[in-house]
Amino acid sequence: MTRITFVRHGSTYWNEEGRAQGHSNSSLNEAGKQQAKQLAERFRGEQWDAVYASDLLRTRQTAEI
């Protein structure tokens, strides 16, 4: 059975300001870093066949955490 999971990056400073981000690079804020840590804990021990991700800073920061 194929299972697909969509994950959004953590919250950014631009999210707090209500700014549209589009393909602009913006960093995770402290809340976003906490969200990424919670996500990492949730996925600990999971097996993935493939991961596809954006090349944006906020996505990379979320994945690295």
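Since the structure is predicted, the reported quantities are computational estimates derived from the model, not experimental observations.
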Any residue meeting side-chain hydrogen bond (donor to acceptor under 3.5 Å, both in side chains) with T62, in chain and number order, not counting sequence neighbours: none
Test of understanding: with side-chain hydrogen bond (donor to acceptor under 3.5 Å, both in side chains), list the residues that count as partners of S11, not counting sequence neighbours. N29
Would you list the pairs meeting ring-ring contact (aromatic ring centres under 6.0 Å, His included) in which at least one residue belongs to residues 44-65, sequence neighbours left out? F43-W48
Any residue meeting salt bridge (charged side-chain N to carboxylate O under 4.0 Å, His left out) with R8, in chain and number order, not counting sequence neighbours: none
Residues that R3 engages under side-chain contact (heavy atoms from CB on, under 4.5 Å), provided they are two or more places apart: T5, E46
If you look at every heavy atom in V7 and L39, which pair is closest and at what distance? CG1-CD2, 3.2 Å
Closest approach of N15 to H9 (non-hydrogen atoms, all atoms of both residues): OD1-CE1, 4.1 Å
Contacts of Y13 meeting ring-ring contact (aromatic ring centres under 6.0 Å, His included) (sequence neighbours excluded), chain-then-number -> none
What residues join I65 in its hydrophobic cluster, counting side-chain heavy atom gaps under 4.5 Å, either direct or through other members? L28
Any pair with a residue in residues 51-65 that passes salt bridge (Lys or Arg N to Asp or Glu O under 4.0 Å), sequence neighbours left out, goes on the list, sorted by first then second residue, please. none
What pairs of residues pass the salt bridge (Lys or Arg N to Asp or Glu O under 4.0 Å) test when at least one of them lies in residues 12-30, not counting sequence neighbours? E17-R19, E30-K33
Mind checking whether Q61 and T12 have side chains closer than 4.5 Å, heavy atoms only? no
